[in-house]
2 protein chains.
Amino acid sequence: MTLYKIDEVATACNLTKRTLRYYEEIGLVSPQRSEGGTRLYSQTDIDRLKKIINARDVLGFSLQELQHYVKVTEMLNDQREQYRNTTDEEERRQQLIEMNKTLDQQLHMVDEKLSRIYAFKADAELLRQRIQEGLAKLN
Amino acid sequence: MTLYKIDEVATACNLTKRTLRYYEEIGLVSPQRSEGGTRLYSQTDIDRLKKIINARDVLGFSLQELQHYVKVTEMLNDQREQYRNTTDEEERRQQLIEMNKTLDQQLHMVDEKLSRIYAFKADAELLRQRIQEGLAKLN
DNA sequence: CTACTATCTCACGTTAACGTCAATGTTATA
DNA sequence: TATAACATTGACGTTAACGTGAGATAGTAG
């Protein structure tokens with residue numbers, strides 16, 4: 001498994017090194033460290049970062065809100081490991097139900113956001129129409 | 001034309017009075033003033049505010065970005081007045097073309113945002129599916 | 001091993017978007 | 001017209017999300 005140092009990750013994700021350190025500080029990523037303390041990011045870390053960035057940019061989630069989202073994907077990534085470690089089926093079921101709930105909430109938020117964006121879009125299109133009518137009259 | 005004082009507007013728009021004063025400070029709204037200096041908001045002001053809030057919340061536009069948007073709607077609202085004042089047809093046409101350009105850009109941004117949100121949604125739905133499979137296996 | 005470059009950890013600075021007094025002025029009501 | 005209930009203008013405080021050095025270490029190419 002290849003590992004990347006902070007500068008590669010920064011350019012790959014279009015973030016600054018400072019931002020990456022900050023994201024670690026608030027618990028959004030947890031890259032491993034080398035013997036000497038240098039951060040080493042896995043491809044999984046990078047993928048997670050890209051998703052975070054997308055959610056931050058496009059959904060306007062705060063970094064605090066994103067920590068919740070991170071936990072869910074984290075748990076899903078650890079799924080197999082948990083499978084082996086957690087003998088307790090009931091506990092496992094509870095976790096899945098919890099995650100399902102979180103996802104439902106997120107999907108609900110996304111749907112509401114979509115409909116509000118559509119409203120905005122319709123509004124803008126109406127304005128554009130009025131403008132084009134205005135242009136037509138000038139001929 | 002009924003006019004509203006700051007507290008009514010604040011509750012109507014679900015903003016604080018401080019926020020309304022701040023929005024005026026950075027030029028997002030310009031309510032008239034009473035003789036004594038009290039802010040008086042028209043229904044048009046309120047409508048504009050609500051659109052701003054929606055764009056801020058759902059599109060994640062910064063207040064600075066929104067100033068541009070405000071100008072466009074402003075110009076459209078002043079359309080008739082301009083019609084009478086601007087005898088120069090060519091100038092008028094240029095203004096309309098400018099506004100059309102701005103709107104096109106906004107619509108483009110909105111479309112891109114929509115597609116990225118859909119990508120996020122698809123991702124979340126996939127996760128949910130995996131979770132539900134996991135739950136099914138536990139039975 | 002050396003020299004050079006990249007990374008690390010403080011720690012203080014910055015900006016947007018408000019919050020929170022305090023002192024003063026304005027409106028509405030009895 | 002007095003007085004309670006709002007409003008207004010400073011002006012300083014706050015929080016999130018980083019920016020920007022400084023000084024000390026780690027990694028790497030020759």
Side-chain angles (χ1 to χ4, degrees), chain A residues 1-43 45-46 48-71 109, chain B residues 1-43 45-46 48-71 109:
Chain A
M1 201 219 278
T2 359
L3 294 173
Y4 307 87
K5 294 203 281 184
I6 197 166
D7 205 30
E8 298 175 276
V9 181
T11 55
C13 296
N14 202 29
L15 298 173
T16 67
K17 290 183 274 185
R18 175 65 173 99
T19 299
L20 283 172
R21 296 200 187 98
Y22 179 64
Y23 282 8
E24 181 179 356
E25 190 182 328
I26 64 175
L28 284 182
V29 267
S30 303
Q32 17 176 328
R33 298 300 187 108
S34 72
E35 192 82 352
T38 299
R39 269 165 265 254
L40 298 172
Y41 296 82
S42 70
Q43 186 58 46
D45 288 327
I46 295 179
R48 195 214 308 286
L49 274 170
K50 287 188 174 168
K51 282 185 189 175
I52 288 175
I53 295 162
N54 187 58
R56 179 199 67 178
D57 288 350
V58 82
L59 295 175
F61 284 177
S62 72
L63 299 180
Q64 210 172 22
E65 286 171 317
L66 286 175
Q67 292 181 6
H68 202 209
Y69 167 70
V70 162
K71 271 187 194 160
M109 284 181 55
Chain B
M1 200 219 276
T2 1
L3 294 172
Y4 307 88
K5 293 203 282 186
I6 197 165
D7 205 30
E8 297 173 276
V9 181
T11 54
C13 296
N14 202 27
L15 297 173
T16 67
K17 291 182 273 185
R18 174 65 173 102
T19 299
L20 284 172
R21 297 200 186 98
Y22 179 64
Y23 282 9
E24 182 179 356
E25 190 182 329
I26 63 174
L28 284 182
V29 266
S30 304
Q32 18 177 325
R33 299 300 187 106
S34 73
E35 190 84 350
T38 300
R39 270 165 263 253
L40 298 173
Y41 296 81
S42 69
Q43 187 57 47
D45 289 327
I46 295 179
R48 194 213 308 289
L49 275 170
K50 286 188 176 168
K51 282 184 189 174
I52 287 174
I53 295 162
N54 187 59
R56 180 199 66 178
D57 288 351
V58 83
L59 296 175
F61 284 177
S62 73
L63 298 180
Q64 211 172 20
E65 287 172 314
L66 287 175
Q67 292 182 4
H68 201 210
Y69 167 70
V70 163
K71 271 187 194 160
M109 284 182 54

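Each chain gets a letter, A, B and so on, in the order its sequence line appears, and its residues count up from 1. All values below come from the heavy atoms of this structure, side chains included, with hydrogens, waters and symmetry mates left out. These figures come from a predicted structure and were not determined experimentally.
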Would you kindly give the CD1-to-P distance between B:Ile6 and C:dT27, to the nearest whole Å? 14 Å
Take the protein atom CD of B:Glu25 and the nucleotide atom P of C:dC18, then report the distance between them rounded to whole Å. 12 Å
So which atom in B:Leu20 and which in B:Tyr41 form the shortest heavy-atom distance, rounded to 0.1 Å? CB-OH, 3.7 Å
Set of residues satisfying salt bridge (Lys or Arg N to Asp or Glu O under 4.0 Å) with respect to A:Lys5, sequence neighbours excluded: none
I need the CD-P distance between A:Glu8 and C:dA6, as an integer number of Å. 12 Å
Could you give all pairs that pass the side-chain hydrogen bond (donor to acceptor under 3.5 Å, both in side chains) test and reach residues 13-27 of chain A, with sequence neighbours left out? A:Thr16-A:Thr19, A:Tyr23-A:Arg56, A:Glu24-A:Arg33, A:Glu24-A:Arg39
So which of residues 33-43 of chain B are in contact with DNA chain C, with a heavy-atom cut-off of under 4.0 Å? B:Ser34, B:Gly36, B:Thr38
Do any of residues 15-22 of chain A sit with a heavy atom less than 4.0 Å from DNA chain D, and if so which? A:Thr16, A:Arg18, A:Thr19, A:Tyr22
Separation between CD1 (A:Ile52) and CZ (A:Phe61), nearest 0.5 Å, reads 12.0 Å
Working to the nearest 0.5 Å, report the span between CG of A:Leu66 and NZ of A:Lys71. 13.0 Å
State, to the nearest 10°, the angle formed by the axis through the first five base pairs of the helix from C:dC1-D:dG30 to C:dA30-D:dT1 and the axis through its last five. 20°
Show the distances under 3.5 angstrom between N or O atoms of the protein and N or O atoms of nucleotides 1-4 of chain C.
none

What one should report as the nearest heavy-atom pair of A:Met1 and A:Ser42 is SD-CB, 3.7 Å
For B:Gln43, enumerate each residue passing the side-chain contact (heavy atoms from CB on, under 4.5 Å) test, keeping only those at least two apart in sequence or located in another chain. B:Tyr4, B:Ile46, B:Asp47
Is it true that, when you exclude B:Gln64 itself, more than 12 heavy atoms of the residues, nucleotides or ligands shown sit nearer than 6.0 Å to its CD? no
Residue pairs fulfilling salt bridge (Lys or Arg N to Asp or Glu O under 4.0 Å) with at least one residue in residues 60-69 of chain B, sequence neighbours excluded: none
Residues at least two apart in sequence or cross-chain that pass side-chain contact (heavy atoms from CB on, under 4.5 Å) with B:Thr11, listed by chain then number, are none
Sorted by number, residues from residues 48-69 of chain A placing a heavy atom under 4.0 Å from DNA chain C are none
Distance-only, no hydrogens or angles: does the B:Asn54 side chain make a donor-acceptor pair with backbone N or O of B:Lys51 under 3.5 Å? no
Tell me every residue that passes side-chain contact (heavy atoms from CB on, under 4.5 Å) with B:Ser34, counting only those two or more places apart in sequence or in another chain. B:Thr38, B:Leu40
Could you state the interatomic distance from CG (A:Leu49) to CG (A:Leu15), rounded to the nearest 0.5 Å? 6.5 Å
First-last contacting nucleotides on DNA chain D - partner chain B, under 4.0 angstrom, heavy atom: D:dA7 to D:dT9
